[in-house]
Amino acid sequence: MRAVNVGIVGLGNVGSGALEILAENAEQIRLKLGFPLRVAAVCSRGIASKKLPAGLGKIKRTADWREVVSDPAIDIVAELVGGTTVAREILDAAILEKKSIVTANKELIALCGADIWSQAIKAGINLAMEASVAGGIPIHAVLREGISGDRIQAIYGILNGTSNYILTGMEKQARSLEDMLAEAQRLGYAEADPAADIDGHDARYKLAILSALAFGERITPADIYVEGIRRISQIDFAYAGQLGQTIRLLGTARQTAEGLILSVRPALIPRSTILANVDGSYNGIWVRGHYGSDTFYYGRGAGSKPTGVAVVSDLMRVAREIRSGSPERVSPFAHERLGEYKPISVLEQSRPYYLRFRVEDRPGIIATLAGILADRHISLDAVLQLPSDDKRTLPFVITVENTSERALREAVDAMASLDFLREPPLALPLEGGL
Ligand SMILES: NC(=O)c1ccc[n+]([C@@H]2O[C@H](COP(=O)([O-])OP(=O)(O)OC[C@H]3O[C@@H](n4cnc5c(N)ncnc54)[C@H](OP(=O)(O)O)[C@@H]3O)[C@@H](O)[C@H]2O)c1
């Protein structure tokens with residue numbers, strides 16, 4: 001049977017991983033498909049200096065992506081460039097040429113994936129995007145097909161390997177955030193500018209995509225409250241440990257009686273939950289269904305080969321549709337159409353919270369803070385203070401019972417002017433029920 005021809009644009013981490021798998025695993029792929037999946041063209045800006053894996057046969061090499069997209073021999077274009085400018089041009093051009101697309105681009109899909117899918121439907125081609133969330137974990141396939149018969153109630157995800165690497169190192173090796181970040185950069189887990197990872201933006205793109213699949217709404221990153229991990233310090237793990245908890249950068253999407261609430265933020269989670277054992281650069285996603293209850297997905301959230309597997313598996317799925325002549329037409333967003341519902345503000349959520357203070361020690365501090373909380377009908381749960389010699393920036397923690405985030409933020413704002421506080425209080429939700 002004739003091969004299906006693939007053009008790969010972008011030969012960085014993901015592109016080179018996918019290419020190596022396509023070359024090395026070609027026979028397995030042929031056996032599974034019943035026909036060969038052939039790499040017919042590859043493209044990157046610095047193509048002249050790229051060493052390609054052996055066994056690919058005759059192949060077009062170019063620095064101009066247009067030569068891939070417009071090549072009549074190419075059936076599927078894999079966009080593995082990243083960003084929102086050239087990548088969008090590549091996808092638009094491929095759709096015009098009626099070529100199906102495989103992409104790993106979380107940013108572009110989170111920002112305008114629904115529009116790209118509408119264009120793709122009109123052109124009668126497919127859009128596959130498994131690698132855009134959690135690299136090696138096939139979470140799209142799960143939401144799109146595996147548990148599509150269920151009604152999703154909640155998603156809790158550790159979606160950024162870099163921040164998880166930093167937080168688990170702080171917890172288990174008692175090291176500082178700065179130290180762990182420097183190590184993550186040395187190992188190539190974190191970029192020179194780590195903002196996208198540690199400020200939560202990368203995880204927010206991924207949660208936007210997962211929420212669209214799970215709830216069928218056109219969710220964009222701007223709809224999701226985001227807070228990074230920069231303010232978490234070593235002492236927070238000590239206090240969290242005393243409470244039987246740990247701290248993770250958690251993406252949550254929950255259907256509540258009031259509406260859908262979405263956030264990416266550091267949260268306390270029970271030490272006993274399976275999510276607390278997602279260590280290092282791994283990702284974990286917990287999905288709660290109305291009928292099927294809880295399912296959990298774990299694996300490498302990034303990396304050349306794990307993400308390469310996701311890309312190659314997408315290429316195989318799309319190739320099967322092309323070869324059979326009957327596109328499956330399962331929407332990549334798991335819903336025929338995405339609605340225009342907007343999530344409600346995180347201020348409406350009710351949770352117990354952890355408040356960590358650094359104060360200049362003096363009598364009456366707890367009474368003053370408790371008074372501010374009581375004025376907003378917020379009940380104290382516990383006060384924790386570990387021994388410390390430094391009385392000028394003494395850390396201690398107050399946990400409060402279930403309260404609305406709106407009331408909690410009002411209380412934190414009211415505390416801002418207190419002259420004994422060395423820095424604004426750190427407020428983290430306690431995510432129970434995991
Ligand atoms: N890295 C991961 O583990 C991971 C995981 C999941 C998803 N993703 C997503 O996968 C995509 C690719 O990420 P990556 O880490 O592989 O990026 P990368 O290492 O920076 O690779 C990007 C590639 O695109 C090529 N490129 C850039 N501009 C181009 C242009 N105008 N024309 C042709 N080629 C161009 C680059 O060429 P030169 O090298 O020749 O400059 C490079 O080969 C991104 O959307 C990313 O978010 C990455």
Side-chain angles (χ1 to χ4, degrees), residues 7-21 41-53 60-71 77-94 101-113 116 127-140 157 159-165 184-185 187-197 201-210 221 280-283 285 299-315:
I8 296 189
V9 186
L11 293 177
N13 283 311
V14 178
S16 63
L19 194 60
E20 273 177 51
I21 297 165
V42 290
C43 166
S44 88
R45 287 175 304 197
I47 190 72
S49 60
K50 297 269 182 216
K51 192 171 168 331
L52 301 187
K60 177 192 274 186
R61 297 165 61 117
T62 174
D64 181 359
W65 59 263
R66 290 173 192 82
E67 287 187 19
V68 176
V69 172
S70 63
D71 184 337
V77 174
E79 179 280 302
L80 306 173
V81 167
T84 55
T85 51
V86 179
R88 181 72 202 248
E89 287 177 43
I90 295 169
L91 296 193
D92 286 348
I101 313 157
V102 171
T103 180
N105 196 324
K106 60 202 134 198
E107 191 180 355
L108 188 59
I109 294 298
L111 291 169
C112 43
I116 296 170
L127 165 69
M129 53 192 207
E130 181 65 69
S132 64
V133 180
I137 306 176
I139 189 67
H140 281 254
L159 299 170
N160 182 265
T162 307
S163 38
N164 205 55
Y165 182 82
Q185 285 169 325
L187 293 172
Y189 292 155
E191 303 285 330
D193 176 3
D197 291 321
H201 302 298
D202 173 83
R204 185 160 74 151
Y205 291 137
K206 296 168 183 169
L207 188 68
I209 299 172
L210 289 185
S281 62
Y282 278 82
N283 282 193
I285 303 165
R300 291 215 173 270
S304 183
K305 290 284 167 54
T307 314
V309 168
V311 169
V312 172
S313 305
D314 265 356
L315 287 169

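Here, residue 1 is the first one in the sequence, and each next residue gets the next number. Order of listing sets the numbers, starting from 1, for every ligand and every atom in it.
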Between side-chain atoms of residues 79-88 and protein atoms elsewhere (two or more places apart, or another chain), which donor-acceptor pairs fall under 3.5 Å?
residue	atom	partner	partner atom	Å
E79	OE1	T103	OG1	2.6
E79	OE1	N105	ND2	3.4
E79	OE2	V81	N	2.8
E79	OE2	G82	N	3.0
R88	NE	D92	OD1	3.2
R88	NH2	Q119	OE1	2.8

Is the shortest side-chain heavy-atom distance between H140 and I209 below 4.5 Å? yes
Side-chain touch K60/D71, heavy atoms, less than 4.5 angstrom: yes
Partner residues of S313 under the side chain to side chain contact (heavy atoms under 4.5 Å, CB included) criterion, sequence neighbours left out: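 Expected list: V309.
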Run through all N or O atoms in ligand 1 and write down each protein N or O closer than 3.5 Å, as a pair with its distance.
residue	atom	partner	partner atom	Å
ligand 1	3 (O)	G303	N	2.8
ligand 1	15 (O)	N13	ND2	3.3
ligand 1	16 (O)	N13	N	3.1
ligand 1	16 (O)	V14	N	2.8
ligand 1	19 (O)	N13	N	3.0
ligand 1	39 (O)	K50	NZ	3.1
ligand 1	40 (O)	S44	OG	3.0
ligand 1	40 (O)	R45	N	3.2
ligand 1	40 (O)	G46	N	2.6
ligand 1	41 (O)	R45	NE	3.1
ligand 1	41 (O)	R45	NH2	3.0
ligand 1	43 (O)	L11	N	2.9
ligand 1	43 (O)	G12	N	3.0

Restricting to side chain to side chain donor-acceptor pair (under 3.5 Å), what partner residues turn up for T307, sequence neighbours left out? none
I101 and its side-chain contact (heavy atoms from CB on, under 4.5 Å) partner, picked from L127, I90, D314: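 Only one option passes, and that is L127.
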